[in-house]
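Written below as structure tokens is the structure these notes are about.
Proteins come first, then strands; the chains are lettered A, B, ... in the order of their sequence lines, and each starts at number 1.
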Amino acid sequence: MFSNKFIQQRIEKANTLREAGINPYSNDAQRNTTIEKFLNVNSDIEQMENKRDENRNYTVSGRIKFLRIMGKASFVKIEDESGMLQVYVARDNLPEGFYNNIFKKHIEVGDIIEVSGYPFVTGKGELSLHVTELKLLTKAIAPLPEKFHGITDKEVRYRKRYLDLIMNAEVRKTFQIRSRVISLTRRFFEDKGFLEVETPMMHPIPGGANAKPFVTHHNALGVDRYLRIAPELYLKRLIVGGFEAVFEINRNFRNEGMDATHNPEFTSIEFYWAYKTYKDLIAITKEYFQYLFEHLDLPTILPYGDMEVNFENFQEIPLIESLTKIGGVPEDIVRDKEKIIAYLKERNIDVNEAMNLGQLQGELFDEFVEEKLIDPTFITEYPVEISPLARRNDEHPEITERFELFIAGREIANAFSELNDPIDQYERFKGQVEAKDCGDDEAHAMDTDFVEALSYGMAPTAGQGIGIDRLVMLLTNEHSIRDVLLFPAMKPLNTEDACESEEEKEEEK
RNA sequence: GUCUCGUUAGCUCAGCUGGUAGAGCACGUCACUUUUAAUGAUGUGGCCGAUGGUUCGAAUCCAUCACGGGACACCA
């Protein structure tokens, strides 16, 4: 475990310190300000005649990131969560022997120290702390990665996120923004009168989306449980129960592939709003984005890769219209099944001829429109064939009261007026069960409990889901979901441990 | 799942068409009281991702596997 020679060296230093009566893992932290505050409060030192104020005294702490020893004096850069500070350590300001025997020999980059002293500005103009007292708080026995390049290997960054966070300030920034987004989202919906609720993460029947679930087992009840793939059906039960506006921000789990936009566990907000329609959802979504941008202090035109997204330019267009106006698909083709198939084939796009018109229109959208939707665009009026959970439009029953929001060529939200006819819902579940029996293992299972809930009457309701991870990617200009997840899912490293050899023994039997 | 690129010192990377391992940072020792990736001198450090194969000889060529990146497919 600690066989590395650098680690051995540092363990020895820690032991020497113990022998000298210094606890390398002190629990006596006394800091009275953060680095950010120190720098703010003392910004006036620059103006002073001798550029120092020995009457002020501060105690700050942080991890040593740079260490420049120059004989009888040293410059040390320490970093806490709020920022980086240069401290000046001179032999003659410390107790006899401390500088030469303790500081120079046993304190190094990576260690966490506490320093006390007064503010001053160096010859090169940097506001620093002149140390009169220095204490080791935590000895790091593992050396930090290289100080200039830091750690760039993505695998190491994801597997040892703590190292990534120590070395890369911009990574900390990304996760601070993520936290702000979640906090602001919560506040936005609370201010609108929505009630935050928590619904089960372990479902007896996986529902609310078409996806393969993770399965676990409840010993006490002797039954299998499914990690939820979506909270939808429980949130709607709450609307039945009389709550008129609910939301939940939490994890969903899907037992599927992983790539730049998919992680087996991901965070979404779903909200349901009684006596409203998808039109109201479009309005509140615009308001939500405006609220986020205001409170995150982001410019309304944001770069994303080589794109520029204007968050003040929200567009709204029905799906069929988008095919011709944005996708450039000829007008006479988009409502004709055979012509769409021919059109796709001409362009060497694989097409399943068994698809119905709605599905083919969806194909056209995916091929010719989606990637062109850079500024936020609500695509509305989805064909009913590709919207199994949405309510039909009363006047045009072939389309649904639904929209998806696209930004930077990617889907960010999915919303619709909810289906609240229990008989219709029951029939749709039955259709799904048939598909499941025919081998579609992502088809929805029958949920009679949910149908029963609907049969008591669910007020007309609109509901929406927003993928928080993808939203954060957009706001932080990150292009992999792993860069907005603190601990993304990774394959285990192949260590030939006891568990595996047991498995092998099993196989041999 | 398919294709493709990668895996060499604690970290960042060289290493050509095969001849037994290199740099910078870090670390050790020495010098240095205003440095900014401090500097100068000097030294230590490697089962070249794993396993097979080809060869007199493999970090290098071939095969398989593991892990990772990217693209595509699938999936909301």
Subject >> Pair listing, ring pair (Phe, Tyr, Trp, His ring centres under 6.0 Å) test, anchored in residues 362-391 of chain A, at least two apart >> reply: A:Phe314-A:Phe378, A:Tyr343-A:Phe368, A:Phe365-A:Phe406, A:Phe378-A:Phe403
Original post:
Among side-chain atoms of A:Glu401 and A:Thr277, is any donor-acceptor pair under 3.5 angstrom?
Top reply: no
**OP:** Mind calculating the distance between CD1 (A:Ile64) and P (B:rA26) to the nearest angstrom?
**Re:** 14 Å
Original post:
Does the B:rC11 base have a donor-acceptor partner in the side chain of A:His149 within less than 3.5 Å?
Top reply: no
**OP:** Consider the side chain of A:Met490, meaning its heavy atoms from C-beta on, and name the nucleotide among B:rA38, B:rG68, B:rC27 that approaches it most closely.
**Re:** B:rG68
Original post:
Can you tell me if the side-chain N/O atoms of A:Arg159 get under 4.0 Å from OP1 or OP2 in B:rG68?
Top reply: yes
Original post:
Under 4.0 Å between a side-chain N or O of A:Lys160 and OP1 or OP2 of B:rC11?
Top reply: no
**OP:** Mind checking A:Phe266 for me? I need base, sugar-phosphate or nothing, with any heavy atom below 4.0 Å counting as a touch.
**Re:** nothing
Tabulate below the donor-acceptor pairs under 3.5 Å that side-chain atoms of residues 90-98 of chain A make, not counting sequence neighbours, or state none.
unit_1  : atom_1 : unit_2   : atom_2 : d
A:Asn93 : ND2    : A:His130 : NE2    : 3.0

Subject >> Any pair counted as salt bridge (Lys or Arg N to Asp or Glu O under 4.0 Å), so long as it reaches residues 464-492 of chain A, sequence neighbours left out >> reply: A:Arg157-A:Asp483, A:Arg178-A:Asp469
Original post:
So, does the side chain of A:Thr122 form a donor-acceptor pair with the base of B:rU35 at under 3.5 Å?
Top reply: yes
Original post:
Picking from B:rG28, B:rG68, B:rU34, which would you name as closest to the side chain of A:Lys13?
Top reply: B:rG28
**OP:** For the residue pair A:Phe38 and A:Tyr58, categorise the inter-ring angle as parallel (less than 30°), tilted (30 to 60°) or perpendicular (more than 60°).
**Re:** perpendicular
**OP:** Return the set of residues passing side chain to side chain contact (heavy atoms under 4.5 Å, CB included) with A:Lys51 (not counting sequence neighbours), or none when no residue passes.
**Re:** A:Glu46, A:Val121
Original post:
Can you list the stems that include RNA chain B, where a stem is three or more consecutive Watson-Crick or G-U pairs with distances under 3.5 Å?
Top reply: B:1-7 with B:66-72, B:10-13 with B:22-25, B:27-31 with B:39-43, B:49-53 with B:61-65
Sort me out a list of protein N/O and nucleotides 8-10 of chain B N/O pairs below 3.5 Å, or just none if empty.
none

Original post:
So A:Lys13 and A:Glu108, salt bridge (charged side-chain N to carboxylate O under 4.0 Å, His left out) or not? Walk me through it.
Top reply: CA-CA 10 Å; A:Lys13 288 184 185 185; A:Glu108 55 206 317; 3.0 Å; yes
**OP:** Only counting residues at least two apart or in another chain, list the ones meeting side chain to side chain contact (heavy atoms under 4.5 Å, CB included) with A:Pro213.
**Re:** A:Pro206, A:Tyr226, A:Ile229
What does the list of N/O pairs under 3.5 Å between the protein and nucleotides 40-43 of chain B look like, with a distance for each?
none

Which atoms of nucleotides 1-5 of chain B (N or O only) lie under 3.5 Å from a protein N or O atom, and what are those distances?
none

Original post:
Counting only non-hydrogen atoms, which of residues 65-93 of chain A are less than 4.0 Å from RNA chain B?
Top reply: A:Phe66, A:Arg68, A:Ile69, A:Met70, A:Gly71, A:Lys72, A:Ala73, A:Phe75, A:Lys77, A:Gln86, A:Tyr88, A:Asp92
**OP:** Please step through salt bridge (charged side-chain N to carboxylate O under 4.0 Å, His left out) for the pair A:Asp424 and A:Arg428, ending with a clear verdict.
**Re:** CA-CA 6 Å; A:Asp424 191 353; A:Arg428 293 199 200 189; 3.1 Å; yes
**OP:** Using the salt bridge (Lys or Arg N to Asp or Glu O under 4.0 Å) rule, collect all pairs that involve residues 55-75 of chain A, keeping only residues at least two apart or in two chains.
**Re:** A:Asp44-A:Arg56, A:Asp53-A:Arg56, A:Lys65-A:Glu79
Distances under 3.5 Å between nitrogen or oxygen atoms of protein and nucleotides 70-72 of chain B:
unit_1 : atom_1 : unit_2   : atom_2 : d
B:rG70 : OP2    : A:Arg482 : NH1    : 3.4

Original post:
Within the pair A:Lys491 and B:rG69, is there a side-chain N or O less than 4.0 Å away from OP1 or OP2?
Top reply: no
Original post:
When the nearest nucleotide of RNA chain B is assigned to A:Asp153 and to A:Val109 on a heavy-atom basis, which residue is associated with the more 5' position?
Top reply: A:Asp153
